[in-house]
Amino acid sequence: MDEWLYMSDRTKESCGYFLREHFLNHVNYAPENVRLWDGTVSDTQKECRDVEEFIKTRSVNGTLDYLVLGAGMNGHLALNEPGTSFDSRAHVTVLDPVTQKVGQKYFSSEASLSGGITLGIDNFRQARRTVLMVNGAAKAEILSKILNATAPDEQIPATALLTFENASLYCDREAIKIS
């Protein structure tokens with residue numbers, strides 16, 4: 001769903017590399033049905049159009065069929081940072097300082113994380129089925145904000161799920177603070 005700018009899916013420690021190493025290399029799938037982002041391209045707008053076209057032509061209804069998202073520490077979805085319009089489509093984003101800091105956990109040394117390329121919230125809204133997963137005690141504060149939201153709030157992108165037709169939220173005991 002996203003990639004750090006200036007990294008391709010072949011860059012060790014990139015989002016695509018992580019997905020390949022921890023999921024794709026362990027399941028049976030048709031490679032022609034997988035399209036990962038290339039954050040190294042010079043024309044990022046074309047990359048956004050190409051990814052959206054791939055989804056449109058490879059899916060049954062022209063949208064994502066089944067989507068699993070995680071909420072970031074600041075409530076981001078993929079790299080849709082606080083303040084991102086809920087009408088956003090695939091786009092380049094400037095990373096929130098929280099994401100820049102937390103994102104360092106994926107790297108063996110300090111990485112320059114200033115931007116990303118991501119599907120937008122409107123892409124997610126159109127999915128036939130969306131699941132938001134929130135786990136770990138570190139996510140308890142943002143989960144509380146998501147659960148207590150009375151209306152969608154672009155400062156907490158995960159609250160966009162309140163507008164989705166077919167979305168579910170799953171969390172673990174640590175995130176919801178159940179003992």
Side-chain angles (χ1 to χ4, degrees), residues 1-59 62-86 88-127 130-136 138-139 142 156-158 160 170 175:
M1 283 175 272
D2 56 16
E3 186 57 83
W4 310 110
L5 277 185
Y6 316 115
M7 293 185 201
S8 77
D9 66 305
R10 300 293 181 187
T11 305
K12 191 171 182 180
E13 301 171 327
S14 68
C15 299
Y17 189 89
F18 184 90
L19 182 64
R20 199 179 304 287
E21 290 296 307
H22 296 280
F23 180 68
L24 294 174
N25 289 348
H26 306 280
V27 297
N28 184 14
Y29 72 97
E32 64 272 12
N33 291 330
V34 174
R35 170 61 160 84
L36 300 176
W37 290 96
D38 185 351
T40 66
V41 297
S42 58
D43 189 345
T44 54
Q45 295 309 311
K46 181 180 182 316
E47 179 72 355
C48 290
R49 288 189 305 273
D50 290 351
V51 167
E52 287 209 40
E53 183 63 22
F54 180 86
I55 293 167
K56 183 179 177 183
T57 60
R58 296 289 181 165
S59 63
T63 65
L64 299 165
D65 293 315
Y66 192 88
L67 176 64
V68 178
L69 292 167
M73 297 293 291
N74 56 8
H76 74 223
L77 296 175
L79 289 176
N80 291 280
E81 299 293 318
T84 300
S85 168
F86 288 166
S88 66
R89 304 287 300 172
H91 64 280
V92 173
T93 185
V94 174
L95 298 181
D96 182 83
V98 171
T99 303
Q100 291 178 27
K101 181 179 178 184
V102 173
Q104 295 300 321
K105 69 183 178 185
Y106 299 109
F107 297 88
S108 57
S109 60
E110 185 77 18
S112 175
L113 302 175
S114 59
I117 189 166
T118 185
L119 286 176
I121 294 172
D122 192 49
N123 296 106
F124 302 155
R125 181 186 296 112
Q126 292 178 357
T130 302
V131 173
L132 176 63
M133 299 183 67
V134 183
N135 13 349
K139 300 277 180 87
I142 195 61
I156 306 172
Y170 293 89

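Every value quoted in this text rests on a predicted model; they were computed, and no experiment measured them. The figures here come from the full heavy-atom set of this structure, side chains too, leaving out hydrogens, waters and symmetry mates.
Between the CG atom of Leu95 and the CG atom of Leu113 there is a distance of 6.5 Å, given to the nearest 0.5 Å. Interatomic distance, Leu36 CG to Asp2 CG, rounded to the nearest 0.5 Å: 10.5 Å. Taken to the nearest 0.5 Å, the OG1 atom of Thr93 stands 6.5 Å off from the CG atom of Asn80. In this structure, CG in Leu132 is found 6.5 Å from CG in Leu77, a value given to the nearest 0.5 Å. Between the CG atom in Asn123 and the SG atom in Cys48 there is a gap of 9.0 Å [rounded to 0.5 Å]. With values rounded to the nearest 0.5 angstrom, Ser85 atom OG is found 7.5 Å from Ile121 atom CD1.
For Phe86, the CZ atom sits in a packed shell: over 12 heavy atoms of surrounding residues, nucleotides or ligands are nearer than 6.0 Å. Within 6.0 Å of CZ on Phe107 lie more than 12 heavy atoms contributed by other residues, nucleotides or ligands.
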Practice item. Please lay out, stage by stage, how Met73 and Thr99 fare under the test side-chain contact (heavy atoms from CB on, under 4.5 Å). Key: CA-CA 8 Å; Met73 297 293 291; Thr99 303; over 6 Å; no

Point to revise | side-chain contact (heavy atoms from CB on, under 4.5 Å) assessment of Glu3 paired with Asp38 | key: CA-CA 7 Å; Glu3 186 57 83; Asp38 185 351; over 6 Å; no

Practice item. For side-chain contact (heavy atoms from CB on, under 4.5 Å), just list the numbers for Leu119 and Leu64, CA-CA rounded to whole Å, side-chain angles, deciding distance to a tenth of an Å, and then say yes or no. Key: CA-CA 11 Å; Leu119 286 176; Leu64 299 165; 4.1 Å; yes

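Here the side chain of Glu47 pairs no donor or acceptor atom with the backbone of Val41 at under 3.5 angstrom. With hydrogens and angles ignored, the 3.5 Å screen pairs a side-chain donor or acceptor of Thr63 with a backbone N or O of Gln126. Looking only at distances, no side-chain donor or acceptor of Glu81 sits under 3.5 Å from a matching main-chain atom of His76.
You'll find the side chain of Tyr17 stays beyond 4.5 Å of the side chain of Thr11, heavy atoms only. Counting heavy atoms from C-beta outward, Tyr170 and Asn135 have side chains that stay 4.5 Å or more apart. Using a 4.5 Å heavy-atom threshold, the side chains of His91 and Thr118 count as touching. The shortest side-chain heavy-atom distance between Trp4 and Glu13 does not fall under the 4.5 Å cut-off. Inter-residue side-chain proximity for Val34 and Leu19 is flagged as unmet; no heavy-atom pair is nearer than 4.5 Å. In this structure the side chain of Leu69 reaches within 4.5 angstrom of the side chain of Thr130, judged on heavy atoms.
Annotation for Ser59 and Gly62: closest pair OG-N, 3.0 Å, computed over non-hydrogen atoms. Residues Ala175 and Val134 share a closest heavy-atom pair of CB-O, 3.6 Å. Minimum interatomic distance between Ser8 and Ser14 (heavy atoms only, all atoms of both residues): O-OG, 2.9 Å.
Look at Lys46 and Glu53 and you find no salt bridge, because none of the NZ, NE, NH1 or NH2 atoms lies under 4.0 Å from a carboxylate O.
Pairs of residues two or more places apart, or lying in two chains, that qualify as ring-ring contact (aromatic ring centres under 6.0 Å, His included) and include a residue from residues 20-58 are Phe18-His22.
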